[in-house]
Amino acid sequence: MATLEFCDKHNMVAYLEKPEGSAEFHQIIDFLTASHIHYALTENPTIYASFIKQFWTTATASTNVNGEVELTASIDGQAKTITEASLRRHLKLEDNGGITSLPNTEIFEQLALMGYATDSDKLTFQKGNFSPQWRFFIHTILHCLSPKKTSWEQFSSNIATAIICLATNRTFNFSKFIFDAMVKNLDNPHKFLMYPRFIQICLNKQRRLLQPHTRTYPTPVLTQKVFSNMKRVTRGYSGEDIPLFPSMITTPETSPSRITSLPSLSPQHTPVSTPSTSRPPITETTPTAEEPALMLDESPLQSVQSLGRDEGSVSLNELMALVTQLTNKVGSLENELTNTKKVYGSAITKLVKRVKKLEKQVETGKARRRTNIVLSNLLKS
């Protein structure tokens with residue numbers, strides 16, 4: 001078997017900051033920052049090269065007793081398992097039951113609304129045909145979440161479906177998309193060390209402790225240079241700047257407040273930017289005392305989202321706005337309950353009176369029948 005290698009442009013960390021000169025990309029940056037894929041786009045764990053190599057060298061697919069496909073690998077003599085459900089949980093995707101495909105007609109219609117013009121009916125699309133902001137959107141999904149390792153200027157119907165679902169506020173099943181690609185990679189003649197970030201994140205959540213190795217893989221990271229690349233004039237682009245869909249424009253009132261800033265990186269986890277023309281080298285590092293803790297299982301307390309961790313912080317103004325909104329909602333519900341009581345209270349009163357009247361009629365009827373029976377018996381005697 002050929003030596004498995006990392007791909008320097010695959011499973012990258014997204015660049016969602018707003019430096020000077022990036023104003024025309026702020027809307028799509030806000031959209032991605034507020035989306036449910038933000039964690040999967042930006043989480044940057046320390047990747048231990050040996051773990052990823054051992055995983056893909058030993059991984060096999062099987063179906064468990066629940067009918068769920070799982071990937072099982074041996075890492076440092078320990079069996080480690082990854083499933084679609086565990087990917088969904090650890091990458092915080094919340095996409096169970098999400099869309100996996102769209103009709104071809106809808107794909108072409110929606111891409112046309114994004115400014116994509118073509119006379120072809122092929123389900124292979126050119127990234128360069130889109131205006132810069134849409135191109136940045138597609139570029140980020142391709143390099144950070146897709147299983148691709150080549151042909152970065154093209155994307156197929158599955159990526160188109162993911163982009164359309166995100167843009168139209170529908171849930172795409174990224175968990176299944178990623179896991180299915182991992183299963184296919186097992187028997188791929190061009191097999192490579194796929195999704196190293198996501199595998200490391202899953203391994204970090206395993207119950208049993210794995211001792212960190214000294215050899216780490218510097219995760220490739222999209223940088224500020226992405227803006228200038230997206231502004232370049234490309235063949236196929238009409239030159240018309242197509243705005244994002246209205247549903248993609250976030251405001252302080254409509255955007256989720258759970259994500260307000262990018263996660264901070266400690267010095268030892270600072271991403272290493274490498275040239276795109278060569279594979280990032282595997283470097284020797286000395287693990288710190290804190291690093292083994294990254295491999296421990298996630299405790300119930302750790303699973304609770306806290307302010308300032310992973311997904312940013314919430315400002316005081318946003319909290320006050322949320323409290324006001326909830327207070328107004330409670331007041332509205334209380335008014336509805338009062339009105340409901342009035343309506344049904346009157347109906348119940350009328351119903352009780354009706355029942356009592358019927359009971360009297362029944363009793364009167366019974367008394368009359370008893371009288372008739374007695375009179376009948378007397379006449380017979």
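All values below were derived from every heavy atom in this structure, side-chain atoms included, with hydrogens, water molecules and symmetry-related copies excluded. Model, not experiment: these values are computed from the prediction.
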Do [X] and [Y] have side chains that get closer than 4.5 Å, going by heavy atoms?
X	Y	answer
Leu91	Phe174	no
Leu244	Phe137	no
Ile29	Glu17	no
Leu111	Phe130	yes
Leu142	His139	no
Thr171	Ile99	no
Asn188	Lys184	no

Cationic tip of Arg135 above Tyr237 ring, under 6.0 Å, 45° of axis: yes
Aromatic plane relationship, His213 with Phe51 - under 30° parallel, 30 to 60° tilted, over 60° perpendicular: perpendicular
Phe198 and Tyr195 aromatic ring geometry - parallel, tilted or perpendicular at 30°/60° bounds: parallel
More than 12 heavy atoms of other groups within 6.0 Å of Lys176 NZ: no
Lys18, NZ: over 12 other non-hydrogen atoms inside 6.0 angstrom: yes
Shortest non-hydrogen contact between [X] and [Y], atoms and distance:
X	Y	answer
Cys202	Ser86	SG-O, 4.5 Å
His10	Pro220	O-CG, 4.0 Å
Leu41	Cys144	CD2-CB, 3.7 Å
Thr83	Thr81	CG2-CG2, 4.1 Å
Glu94	Arg88	N-CG, 4.0 Å
Ala59	Leu186	O-CD2, 3.6 Å

Judged by atom type as modelled, is there a donor-acceptor pair below 3.5 Å linking the side chain of [X] to the main-chain atoms of [Y]?
X	Y	result
Glu5	Leu193	no
Thr234	Gly128	yes
Lys148	Thr150	yes
Asp95	Gly98	no
Ser131	Gln133	no
Asn66	Glu68	no
Trp56	Leu4	no
His143	Lys9	yes
Arg197	Met12	yes

With Ile178, the side-chain contact (heavy atoms from CB on, under 4.5 Å) member among Asn173, Leu87, Asn11: Leu87
Inter-residue atom distance [X].[atom1] - [Y].[atom2], 0.5 Å rounding:
X	Y	atom1	atom2	answer
Ser50	Arg215	OG	CZ	8.5 Å
Ile138	Tyr116	CD1	OH	9.5 Å
Phe155	Gln126	CZ	CD	8.5 Å
His90	Leu203	NE2	CG	9.0 Å
Leu32	Thr42	CG	OG1	10.5 Å
Met194	Ile52	CE	CD1	12.5 Å

For residues [X] and [Y], establish whether the separation of their ring centroids is below 6.0 Å.
X	Y	answer
Phe125	Phe108	yes
Phe245	Trp134	yes
Phe192	Phe6	no

Distance-only polar pair, side chains of Gln54 and Asp76, donor-acceptor under 3.5 Å: yes
No-hydrogen, no-angle side-chain donor-acceptor test under 3.5 Å, Ser247 and Asn169: no
Derivation and outcome, side chain to side chain contact (heavy atoms under 4.5 Å, CB included), residues Phe25 and Lys231: CA-CA 10 Å; Phe25 297 95; Lys231 292 177 184 178; 3.6 Å; yes
Candidate pair Phe55 and Lys80, rule side chain to side chain contact (heavy atoms under 4.5 Å, CB included), full reasoning: CA-CA 8 Å; Phe55 180 89; Lys80 300 297 177 184; 5.6 Å; no
Audit row: Lys92, Glu43, salt bridge (Lys or Arg N to Asp or Glu O under 4.0 Å) steps and yes/no: CA-CA 11 Å; Lys92 305 180 182 181; Glu43 181 63 8; over 6 Å; no
Phe177 and Thr161: CA distance, side-chain angles, deciding distance, side chain to side chain contact (heavy atoms under 4.5 Å, CB included) verdict: CA-CA 11 Å; Phe177 171 65; Thr161 299; over 6 Å; no
Pair Tyr15-Phe227, ring-ring contact (aromatic ring centres under 6.0 Å, His included): steps then yes or no: CA-CA 10 Å; Tyr15 188 84; Phe227 298 127; 5.8 Å; yes
Side chain to side chain contact (heavy atoms under 4.5 Å, CB included) assessment of Ile141 paired with Ile37: CA-CA 10 Å; Ile141 301 300; Ile37 62 173; 3.7 Å; yes
